[in-house]
There are 2 protein chains.
Amino acid sequence: MGSTQVDSPVTPETCSVTRTLSFVGSKWTPLVIFHLLPGAKRYGELQHLLPGISPKTLADRLQTLEGEGLLTRTVHPDKPPRVEYALTRRGRELGEILNSIAAWAES
Amino acid sequence: MGSTQVDSPVTPETCSVTRTLSFVGSKWTPLVIFHLLPGAKRYGELQHLLPGISPKTLADRLQTLEGEGLLTRTVHPDKPPRVEYALTRRGRELGEILNSIAAWAES
DNA sequence: CCGTATCCCTACCGATACTG
DNA sequence: CAGTATCGGTAGGGATACGG
C-alpha cells in the first residue's frame, strides 16, 4: 500500500545550498577565500589585499569561515602579535567550487 | 625591464563570483532553479512548490534569472493566461554547479 | 598588530491588497 | 491565472573610534 505521506517541501531554511550561499555569498567572502588558496595569510596582509574592506567586516568574515570549519586561526606568541589564517581541506574544496563558478561566469 | 605597474586588486564589484552569488545567493533562488531542472513550470506551479514564497519575491527571482539569461519566459495565448518558465542551457549549467555545492555541503 | 564597539544607513524581503 | 503596487521590518555592511 502506498503511503499517504507526501514529501515535505524543501524550504530556504532546510536547503543546504541556500544555507551555504547565505554566508559564502556575503560580500568579500569569495575574495577572502581566493586570497587564502595559495597559502596562509595574516590579518594585516588580507587587509592590504582587500582594499576597502572594513576591519569589522574582515573580522566577521574570518570568524564565520572559522565557525564553518573552512579555515583555522593560529596565534603566534610573538611581539608584536602575529595571527595567521589558513584554509582547511574543506575550505580548499569550497574554493575549487568557487573557481568553477568563476569559469562558468567568465565563459 | 620589468613594469612598475602592479595588478589592480579585485574588488567585490569586479569579482565574477561575487557578482554571480549576489543573485544566486538570494533567498529562494537556488530552490527555483532546482524545481526548474526537471523541466518547464508555470508560475502557479512554482508557487505551490515553494510554500511560503510571496508573489512579489517569486516574480523578482524569475525576472532576475530571465535578465541574466538563465531562464526563458513563454506566454501561451490561452484563456486563462498560461506562462511557462524554463531554464536555458546556461541555467542548467549553473544548476549543475549548485548540485555540486549540495554534494559538498552534505558530505 | 589585531582586532572590538558603536552608530547608522539602505537594500532585501515579507505581507497584503489589488489589476489585466 | 499571473502578476504589480505599496508599505514596513530587519539584518548586512560601512565608517570611525578605541582597546589588549
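These values consider heavy atoms only, across backbone and side chains, with no hydrogens, waters or symmetry-generated copies. Residue numbers start from 1 in every chain, and the chains themselves are labelled A, B, ... in the order their sequence lines are given, proteins ahead of strands.
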Problem - Gap between atoms NZ and P, on A:K56 and D:dG19 respectively (whole Å) - result: 19 Å
Practice task
Could you pull out the closest heavy-atom pair between B:T29 and B:F23, with the gap in Å?
Solution key: OG1-O, 3.4 Å
Handout entry: Any A:R42 side-chain nitrogen or oxygen under 4.0 Å from OP1 or OP2 of C:dC2
Key = yes
Exercise for the section: Mind calculating the distance between NE2 (B:H76) and C1' (D:dG3) to the nearest angstrom? Expected result: 16 Å
Handout entry: A:Y85 side-chain N/O to A:T74 backbone N/O, donor-acceptor pair under 3.5 Å
Key = no
Fill in the blank from the handout: Between NZ of B:K79 and P of D:dG3 the distance, given in whole Å, is 16 Å
Handout entry: A:Y43 side chain, from C-beta outward: closest of C:dG3, C:dC13, D:dG13
Key = C:dG3
Problem - Selection from D:dA2, C:dC2, D:dG14 that lies nearest to any side-chain heavy atom of A:P81 - result: C:dC2
Exercise for the section: Looking only at side-chain atoms of A:R73, point me to the closest of C:dC13, C:dC2, D:dG14. Expected result: C:dC2
Exercise for the section: Nearest-nucleotide wise, let me know which of A:E45 and B:K27 is further upstream toward the 5' end of DNA chain C. Expected result: A:E45
Problem - Salt bridge flag under 4.0 Å for residues B:R19 and B:E68 - result: yes
Problem - Touch class at under 4.0 angstrom, heavy-atom based, for A:Y85 against every strand present - result: sugar-phosphate
Practice task
Could you tell me the separation between the CD1 atom of A:I53 and the C1' atom of D:dG13, rounded to a whole number of Å?
Solution key: 10 Å
Practice task
Report the nucleotide, chosen from C:dG3, C:dG14, D:dA2, that has the shortest atom-to-atom distance to any side-chain atom of A:A59.
Solution key: C:dG3
Exercise for the section: Check every strand shown and say whether B:Q63 touches a base, only sugar-phosphate, or nothing at a heavy-atom separation below 4.0 Å. Expected result: sugar-phosphate
Exercise for the section: Taking A:E45 for its side chain and A:R42 for its backbone only, find out whether a donor-acceptor pair lies under 3.5 Å. Expected result: yes
